[in-house]
Asker: 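What follows is a structure written as structure tokens; I'll ask about it next.
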2 protein chains.
Amino acid sequence: MKHSEVKNRIIETASFLFYKNGYNSTGINEIISEAGIAKATLYNHFKSKEEICLAYLKFKNSSFIQDVEDFTTSKPKGKAQVLAIFDFLELFFRDKDFNGCWCIKTVSEIPKDNEIIRAEIQLQKHSFIDLISKLITNNLENVKEAQVKSLARQIYLLYEGAVGESHLHQEDWPIKETKQLCSQIIS
Amino acid sequence: MKHSEVKNRIIETASFLFYKNGYNSTGINEIISEAGIAKATLYNHFKSKEEICLAYLKFKNSSFIQDVEDFTTSKPKGKAQVLAIFDFLELFFRDKDFNGCWCIKTVSEIPKDNEIIRAEIQLQKHSFIDLISKLITNNLENVKEAQVKSLARQIYLLYEGAVGESHLHQEDWPIKETKQLCSQIIS
DNA sequence: AAAATTGAACAGACAAGTCTGTCTTTGTTT
DNA sequence: AAACAAAGACAGACTTGTCTGTTCAATTTT
């Protein structure tokens, strides 16, 4: 196996396990045995478990941003493209591997003073808010420039609430209610 | 110290540590040394760490429900009493011990198949939704009976989103934005 | 006297990370 | 083409330390 392939395999395996079972509950031994690699190989690619955690967050986020962009742009222009993020979430929720937001999960597990992980997570969330901002300016003509930031944040908050609560309750009414609410505020 | 006082001391100490540092990261040894009791005493009151976790969740929730009720009823009747939950959250957020939602934190840490903990958390959230429903029917006369459930859920989702995101970003704009949004939908 | 608490030792599992030494693959040099 | 070298992957033992939960004799409280 190529060098970069091994690294990807580690990231994918660790991501699957971290997301499914939690960061603290997933041991290095579990990762290597699942990935079918040796421990020294893992530590040849990552200098610590925390470094794998960062790679996990980045991996999840880049897939997510890509998927959301693809999904929304496949919808007809206008309000529909904005509301599409909730339809995307509905699909995400129905997936058997759905386990809520990886950022919230990770923040809940790491010590409060871990600035490195926290900074990465805040960065990711801001990139998502930026995506929503772009969706707004591209699709909602009647929204003034000065309102975009606030509106993007509100939609973001609705989305995040829906992710967490649909996961907690294991039901999809949080998605439906927030989509309904979003529809109200963009009309 | 009385028997029940010891038990309360364990619950308070464990709650403080679980909430601050996380459930998995808090060991039994830390709890007993912080509470100043012997390990056998702890296991005389609780048969497992999971049982302490349940007591922790119940302890946090009953304080919370009580505090929210006291705070909202101290405000003038009408819209203000509903919006007061976001002012309450603002105070909660400014508290140095604020660490987000204990339910979300705990759900993020426990195995997916732990039905006992999960059931308790869902119960707590429903009791909070009930509280919001009562706030609506007591304060918003123009809301029809049939709309109460949906509106309560929406306000609940706004609140929960605000808790999680203010914690994640360590800023209070999520609280301000959701309060603004709430104000819009109840007018 | 009965009940509860104490400290300390204990068991057994598991954690992150290091290290030794071997095997395989790749690419370069002769 | 053959010999060689360097890189990286391999298994797995090992260190150091933490974890939950149990046991027990001694002491304190009621």
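Letters go in sequence order (proteins before strands), and every chain restarts at 1. Everything numeric here is computed off the predicted structure, so don't read it as measured data.
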Asker: In whole angstroms, how far is the C1' atom of D:dT18 from the CD1 atom of B:Ile31?
Answerer: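 From B:Ile31 CD1 to D:dT18 C1': 14 Å.
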Asker: What is the distance, to the nearest angstrom, from the NZ atom on A:Lys7 to the C1' atom on D:dG8?
Answerer: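 For the pair A:Lys7 NZ and D:dG8 C1', the rounded distance is 14 Å.
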Asker: Going by ring pair (Phe, Tyr, Trp, His ring centres under 6.0 Å), name the pairs with one or both residues in residues 104-127 of chain B, residues two or more places apart or in two chains.
Answerer: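 Matches after skipping sequence neighbours: A:His169-B:His126.
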Asker: Whole angstrom is fine here: how far is it from CD1 in B:Ile32 over to C1' in C:dA8?
Answerer: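 It is 11 Å, rounded to the nearest whole Å.
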Asker: Assess, by modelled atom type and distance only, whether the side chains of B:Glu177 and A:Tyr156 contain a donor and an acceptor separated by less than 3.5 Å.
Answerer: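 No.
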Asker: Roughly how many Å is it from CG in B:Asn44 to C1' in C:dA3, rounded to a whole number?
Answerer: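 My rounded result for the distance is 10 Å.
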Asker: Any luck finding a side-chain donor-acceptor pair between A:Asn114 and A:Glu50 under 3.5 Å?
Answerer: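 Yes.
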Asker: In B/S/- notation, 5' to 3', how is nucleotides 15-21 of chain C contacted by protein heavy atoms closer than 4.0 Å?
Answerer: SSBBB--
Asker: Do B:His167 and A:Ile104 have side chains that get closer than 4.5 Å, going by heavy atoms?
Answerer: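 SC-SC contact between B:His167 and A:Ile104 ruled out.
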Asker: Rounded to the nearest Å, what distance is computed from the NE2 atom of residue B:His45 to the C1' atom of nucleotide C:dT5?
Answerer: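 Checked: the NE2 to C1' distance equals 9 Å.
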Asker: By ring pair (Phe, Tyr, Trp, His ring centres under 6.0 Å), which residues pair with B:Tyr56, not counting sequence neighbours?
Answerer: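 Scan of B:Tyr56 (ring pair (Phe, Tyr, Trp, His ring centres under 6.0 Å), adjacent residues dropped) gives B:Phe18.
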Asker: Side chains of A:Ile11 and A:Lys7: closer than 4.5 Å at any heavy-atom pair?
Answerer: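 A:Ile11 reaches A:Lys7 side chain to side chain.
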